[in-house]
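Right, one structure below, let's go through it.
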Amino acid sequence: MSYDFNTIEAKWQAYWAENGTFRAENSSDRPKYYVLDMFPYPSGAGLHVGHPLGYIASDIYARYKRHKGFNVLHPQGYDSFGLPAEQYAIQTGQHPAVTTKENITRYREQLDKIGFSFDWSREVKTSDPKFYKWTQWIFTELFNSWYDNEADKARSISELEKVFSKEGNTKVQAVCDEDVTEFTADDWNGFSLKEKQKVLLKYRLTYLAETEVNWCPQLGTVLANDEIVNGVSERGGYPVIRKKMTQWSMRISAYAQRLIDGLNTIDWPQPLKDSQTNWIGRSEGASVTFKIKDHDEVIDVFTTRPDTIFGVSFMTLAPEHELVSKITTSEQKSEIEAYIEATAKRSERDRMADVKTISGVFTGAYAEHPFTKELVPIWIGDYVLAGYGTGAVMAVPCGDQRDYDFAKHFGIDILNIFEGIDISEEAFADKDNTIIANSDFLNGLKYKKAVKTAIYELEKLGQGEGKINYRLRDAVFSRQRYWGEPFPVYYVDGMPKMIDLKHLPIELPEVEKYLPTETGEPPLGRADVWAWDAEKNEVVANDLINHTTVFPLELNTMPGWAGSSYYFNRYMDPNNENEVFSQDAIEYWKEVDLYIGGSEHATGHLLYARFWQKFLFDIGITPVDEFAKKLINQGMILGTSAIVYRISGSNKYVSKGLKDQYDVEELRVDVNMINASDELLPEDLKNWQPQFKDAEFELEEGKYIVGREVEKMSKRWFNVVNPDGICEQYGADSLRLYEMFLGPLEQAKPWNTAGITGVHSFLKKLWKLYHDGEEFGVADTEPTKDNLKTLHKTIKKVEEDIENFSFNTSVSTFMIAVNELTAQKCNARAVLEPLLVLVSPYAPHIAEELWSKLGHNQSIATATFPLFEEKHLVESTKQYPISFNGKMRFTMELSLDLSKDDIEAAVMAHEKTQQQLEGRTPKKVIVVPGKIVNVVG
RNA sequence: GCUCAAGUGGCGGAAUUGGUAGACGCGCUGGAUUCAAAAUCCAGUUCUUUCGGGAGUGUGGGUUCGAUUCCCACCUUGAGUACCA
């Protein structure tokens, strides 16, 4: 009976589905363990072999944990809102929901073939109204909250209203918009309802504000900072410009410090933590207020170097700074306006590409130095970013290279405030190795002391204070798209109102086209039925809007990261219609124990999800404020493209070794035609595409050898390998083993189908081990010592490997075990049965098949992981090398269960050792059981 | 520029409380089996050699009886980020 993997795999996949083998219960006597993958966006292209890498790793771990006696939650779902389906809809008119459904079906088929132990009864889809009902609900909760800096947590907005009506806002320590003005309780109580709403909006954790956004004209939508890569959109690579728009934002900045602090409590990769820390960008310094000559307004700046305040010789504002128009003198007006216009036109990308050119314009206005009271000119320049700090800097040319370059370029004074430092060529930015000079009360002080003193003096003047600044900006939450969650928001008199939970979800309306309207409104503006009847509490036709009972609904939709920011909690109780999840469920599962996914989400999904989790914790519905205890980033699997060389201007192709003799063009061809020795059969190429039909070939040694190039797996390089094909040809177990065998989980590595024969022949050998000729057969005989040694060596190694996520090395361990047991002609049930349990997380189908043949009628998933016993390893002899003085080496037979003294005596008695020692006594004999004996003279 | 990670055969990679470097697999070479191929099995495969050996884990130092592993400096590659005041 041969190893018929196709039949076996189909059989067990059906069995698992029918029996609900991997269904997790929300309560158990066993300890819980939650293993999660980052859920996929179901794209039209389907899965390639790179996608399941992380899923296989997490599946191995989940299956292992079940063998170890845990109640394991291992769910899967789809992040099914997104741009590609919508772009496709725009081109074809096909409803994104239809495309998405088809893609999900395809994904599911592909996933099922690989034999994952997902609990599909818990599947979630972010585009499913049953799911996004809760995305909308969380949005309303954020709207109804503010951040209390004193309690360091989010609190209900109704509590804030009570405080305002009692004592105004002067004592409130809240994270809020910059432009909040002070008011008393009497002021507050005198405000109209609309005025109150306007004020509260400045405090809410999700708020509506006119902000500078990253606008992508080609995509017709705004983008978050993490959706822009190198100044162009992540999707499509289109240019991005700055634009002012009224948008919903999330006050993630309120959580900046907790997002940094929380990193210490979780086991995530250091590079990922570093990139989040960088992204949040905490810097300590001071805010300093500069008065402006002949104006009431002041300029606030943030600086990390208050110690250099006496080096200030000018100030620079970002061109977009709101004070620019107010302070510019009439003589300078035209020049300033021209400059502002020129900067606004430049795209993010141009600005980034051109960081060397120094540009700026003098406003004509002067600021007053807080200590010297001297006047310093106020400039604008695009090296100052509107989005960082206050969008204004106090320029200290001697201590900052950019200020220095600017000053040199425009002939502004450069004051030297560093003792014994030459600044004639460049600025001196090293803060640790200097003493301040020419700085009044700061003279003679070192950096740290000078900073403290400067802040103290500024506070005394009332013109500054110590401040911590974060680079992290609030996240824009509106997208001018169709295929996203609608906001549960309608507008009364221009002010947003939330729709109550009992009327959620607000479902996406049907539209004729998925493009913005002719008047520039988002696609939802095209919906006939898209207004809120506040009396009937339902969505009605938007032509009914009368502004007394029927109101316009928000036309934007939420960004892609909305649903993915809490889906991991929803898996705990996915079908709950009354709550996002029950308290029983979340108290039981608490958080994700192991999360596996790509590092590209470091500053997007993984940051937003941590933010929402902290918010949900603050409002008391999650028991922990970090959602994933441990996280592993799996590396990308790259494609190995195949290249043929065509002699220019002909249809003749030369083998790789001959290409240098000709003028050749490189063409990529389908990698699936290439064999293990990089050989391409000319016939295959001729049949592949019409253009090669009449191709001629120049071979080397009768073969056509292709060139190889490792690059991203992509259709356009013809280097995509599909898991379905592999499963058909070698089986899912081979695919699973090979994906792990390729290399360490975290590393990027190229795929090369040729190598899969190695793991495939391992499976065949494993199969043979349980068969005597054609017949299945194991014996109830006593295992030999060697049998047990092999088994226990394997148990130990595999257990260690899985715990350390070194799945690649355990595949090797299995191969060695099977080779050894085959050589030992082992057919003892006592060895072969536990061996299957070890193998089953990696190759579950073959394990189930052999397990059932062994007479078990329960899935192997319920079997207990075998117990390792040390004694089986030490009861044998081995050759040990002995080295003397690190130079002379020879070996001798030693039994491992000898005592240290015995070994020492044996070494001393050894003839060769005695020769080497020449009568001297060795200082020590080092014995490492199972490893080596070393004699030191 | 800044931050981080990594450098081991033809290739993917093993070995780190410091102890026989190159496990395991691919590829390659030879052999068995076969009419032949595939498949399977066996042997070999870091380099070098006058067959005694010698060299060897990016480079140069250091600690140690002993270093791929620890320390210092440098080089290279990859990733992230970038006018962050």
Side-chain angles (χ1 to χ4, degrees), chain A residues 2 229-231 269-279 281-283 285 288 301-305 308 315-316 318 351-352 354-358 381-385 387-396 399-403 405-406 429 469-472 599-600 602-603 633 635-636 640 675-678 708 710 737-738 741-744 746-762 764-765 768 806 808-816 819 822 879-887 889-891 922-924 926-928 931-937:
Chain A
S2 65
V229 177
N230 294 329
Q270 196 55 43
L272 195 150
K273 287 186 180 181
D274 290 343
S275 99
Q276 288 208 349
T277 311
N278 267 334
W279 189 262
R282 176 191 157 107
S283 49
V288 185
V301 301
F302 173 75
T303 177
T304 53
R305 296 293 302 274
T308 63
M315 308 205 53
T316 316
R351 205 162 153 168
M352 281 171 63
D354 176 31
V355 297
K356 298 242 158 62
T357 315
I358 296 159
D382 67 359
Y383 81 97
V384 176
L385 304 173
Y388 183 77
T390 60
V393 302
M394 56 174 230
V396 183
D400 183 288
Q401 194 58 43
R402 290 155 305 169
D403 295 345
D405 294 340
F406 195 89
N469 191 59
Y470 298 92
R471 194 182 78 110
L472 184 69
S599 57
E600 66 272 20
T603 51
N633 290 132
M636 214 193 316
T640 312
N675 79 2
S677 353
D678 289 352
R708 310 301 310 244
V710 173
L737 282 168
Y738 190 51
F741 182 74
L742 275 177
E746 293 94 334
Q747 252 172 52
K749 50 217 167 243
W751 177 271
N752 200 339
T753 304
I756 202 170
T757 53
V759 294
H760 188 63
S761 71
F762 154 72
K764 285 194 275 194
K765 287 182 201 167
K768 270 192 191 162
S806 309
N808 53 328
T809 51
S810 21
V811 181
S812 300
T813 308
F814 290 138
M815 291 179 179
I816 296 167
N819 285 340
T822 304
Q879 281 223 319
Y880 289 94
I882 295 174
S883 75
F884 171 65
N885 269 356
K887 282 194 172 177
R889 275 200 196 111
F890 42 87
T891 61
K923 277 182 191 152
K924 56 178 174 178
I926 301 167
V927 181
V928 182
K931 278 189 179 168
I932 191 171
V933 179
N934 193 351
V935 187
V936 180

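Numbers restart at 1 for each chain; the letters A, B, ... are given by sequence-line order, proteins then strands.
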* Touch check for A:Ser599, heavy atoms < 4.0 angstrom, all strands: base, sugar-phosphate only, or nothing? -> nothing

* Distance between P atoms of B:G80 and B:G30 (Å, rounded) -> 45 Å

* To do: Mark yes or no for whether A:Lys273, through its side chain, and A:Pro271, through its backbone, hold a donor-acceptor pair below 3.5 Å.
  => no

* Determine the interatomic distance between C1' on B:G7 and the same-named atom on B:U16; round to the nearest Å. => 16 Å

* To do: Taking atom types as modelled, find out whether A:Asp405 and A:Tyr383 have a side-chain donor-acceptor pair closer than 3.5 angstrom.
  => no

* Is it true that the side chains of A:Thr753 and A:Trp751 contain a donor and an acceptor less than 3.5 Å apart? -> yes

* Structure fact -> A:Gln747 has its side chain closest, among B:A39, B:G13, B:C26, to B:G13

* Strand partner of B:A21, provided both Watson-Crick or wobble distances fall under 3.5 Å -> none

* How far, in whole Å, is B:U59 from B:A6 if one measures between their C1' atoms? -> 16 Å

* B:A67 and B:G62: how far apart are their C1' atoms, nearest whole angstrom? -> 11 Å

* Asked: Of A:Val759 and A:Lys765, whose closest RNA chain B nucleotide lies nearer the 5' terminus?
  -> A:Val759

* Asked: So, the side chain of A:Asn278 versus the backbone of A:Gly281: is there a donor-acceptor pair under 3.5 Å, distance only?
  -> no

* **Sugar-phosphate, base or nothing in reach of A:Thr757, heavy atoms under 4.0 Å** => sugar-phosphate

* Looking only at side-chain atoms of A:Lys764, point me to the closest of B:A23, B:G25, B:U40. => B:U40

* A:Gly389 vs A:Ile816, nearer the 5' end of RNA chain B by closest nucleotide -> A:Ile816

* Select base, sugar-phosphate, or nothing to describe what A:Pro750 touches, counting heavy atoms under 4.0 Å on all strands. => nothing

